[in-house]
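Okay, structure first, notes after.
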Amino acid sequence: HADKLLEFSVMPYAKHKRLLIVRDVTSYREMDEMRRRFVANVSHELRTPLTVLQGYIEILDMQLVDSPQQSKTLTILDQQTKRMCALVEQIMILSKIEGAGSVDLNTVVNVPFLLKQIENEAIELGKNKSLTIKFEIDPNLHLLGDEMQLRSVMANLIYNAINYTPEHGSVKVRWRLSCKTGGHFSVVDDGEGIAEEHLHRLTERFYRVEGSRSRDTGGSGLGLSIVKHTLSHYGCELKVQSTIGVGSQFSFIIPTRYLIEK
Ligand code: ADP
């Protein structure tokens, strides 16, 4: 059946026998694709009115503010519109990554340079909370891939560590060759940590840990989902180790075939 999508698995069955299980997942995949397209279209349509709203908020800000109360209202309008724009942008990125069957991973990405840029931004962000931020980067380790996507993966993990680490905490970022298994990227923080029962759900869309600082950070719960889907294009997985009250480590290993040593 050329038009059918079949999934195969093999299970042990009695002694010296195997059971071949064939599942027809055509309708499941079609529904998932419909969902993805719907979400992509809705978020695309939301972009225009949001841009118009932002424009009018800027005009009001320049012309009409003559009391502290009005100024406060406009600030809230501005913050919430920006938050909605960021959310729509993230939803669009996610549905694009989910929809991409394969990604062109043939461009050489200068990872040390990219991480230097993120480091400068991270140090600025960390100043507000007096965080100690350290980057240990192999200057010769580059990658074949998509620069925007790699930046988004690395920045997401680094900014999360900054967001979920309280004042005077520390964040350590490492990018190095790992015993021939690939390029090892890790972000370690000594922040609030995550309880065991949440760990396996962190990469679900919109999942945020209740009771953590998540509510204050204004995030969407989409960041780690984007990270997971992007990494799957490189054939690698996000690993999370965390202990509540001690800190977290988020890491992944990019397979050797994508590494370029200069
Ligand atoms: P968000 O936009 O909420 O940050 P993410 O998908 O990036 O969404 O992360 C999902 C949730 O995982 C966060 O809301 C937070 O509860 C938890 N989390 C992520 N990174 C960390 C971290 N370094 N330390 C503690 N909790 C974290």
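For ligands, and for the atoms within them, numbers begin at 1 and follow the listed sequence. Heavy atoms only: backbone and side chains are in, while hydrogens, waters and symmetry mates are out.
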For ligand 1, is there an N or O atom under 3.5 Å from any N or O atom of [X]?
{"X": "F250", "answer": "no"}
{"X": "N156", "answer": "no"}
{"X": "E192", "answer": "no"}
{"X": "N160", "answer": "yes"}
{"X": "V209", "answer": "yes"}

Name the orientation class of the two ring planes belonging to Y258 and Y234 (parallel below 30°, tilted from 30 to 60°, perpendicular beyond 60°).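 Plane angle over 60°, so perpendicular.
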
Would L144 and R257 count as a side chain to side chain contact (heavy atoms under 4.5 Å, CB included) here? Give the steps. CA-CA 8 Å; L144 281 176; R257 62 181 179 279; over 6 Å; no

I want to confirm something. Looking only at heavy atoms, which of [options] is nearest to [atom]?
{"atom": "atom 23 (N) of ligand 1", "options": "I162, V188, D189, I158", "value": "D189"}
{"atom": "atom 5 (P) of ligand 1", "options": "D190, L224, I226, V240", "value": "L224"}
{"atom": "atom 22 (C) of ligand 1", "options": "Y164, Y159, F206", "value": "Y164"}

In ligand 1, which numbered atoms sit nearer than 4.0 Å to a non-hydrogen atom of [X]?
{"X": "Y207", "answer": "10 (C), 11 (C)"}
{"X": "G221", "answer": "1 (P), 2 (O), 3 (O), 6 (O), 8 (O)"}
{"X": "A161", "answer": "23 (N)"}
{"X": "L202", "answer": "12 (O)"}
{"X": "G219", "answer": "2 (O)"}
{"X": "S248", "answer": "24 (N)"}
{"X": "R208", "answer": "1 (P), 3 (O), 14 (O)"}

Please assess F250 against V188 for the test side chain to side chain contact (heavy atoms under 4.5 Å, CB included), listing each intermediate value before the final yes or no. CA-CA 7 Å; F250 287 77; V188 181; over 6 Å; no

Would you please say whether a donor-acceptor pair under 3.5 Å links the side chains of Q149 and T230?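 Per modelled atom types, Q149 and T230 side chains form no pair under 3.5 Å.
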
Pair S186, S251: side-chain N/O donor-acceptor within cut-off below 3.5 Å: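 On atom types as modelled, these side chains do not qualify, holding no pair under 3.5 Å.
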
For E124, all residues meeting salt bridge (charged side-chain N to carboxylate O under 4.0 Å, His left out), sequence neighbours excluded: K127

Between [X] and [Y], is there a side-chain N and carboxylate O pair less than 4.0 Å apart?
{"X": "R205", "Y": "E98", "result": "yes"}
{"X": "E136", "Y": "R176", "result": "no"}
{"X": "D32", "Y": "R29", "result": "no"}

With sequence neighbours excluded, what pairs up with A40 under the side-chain contact (heavy atoms from CB on, under 4.5 Å) test? S95

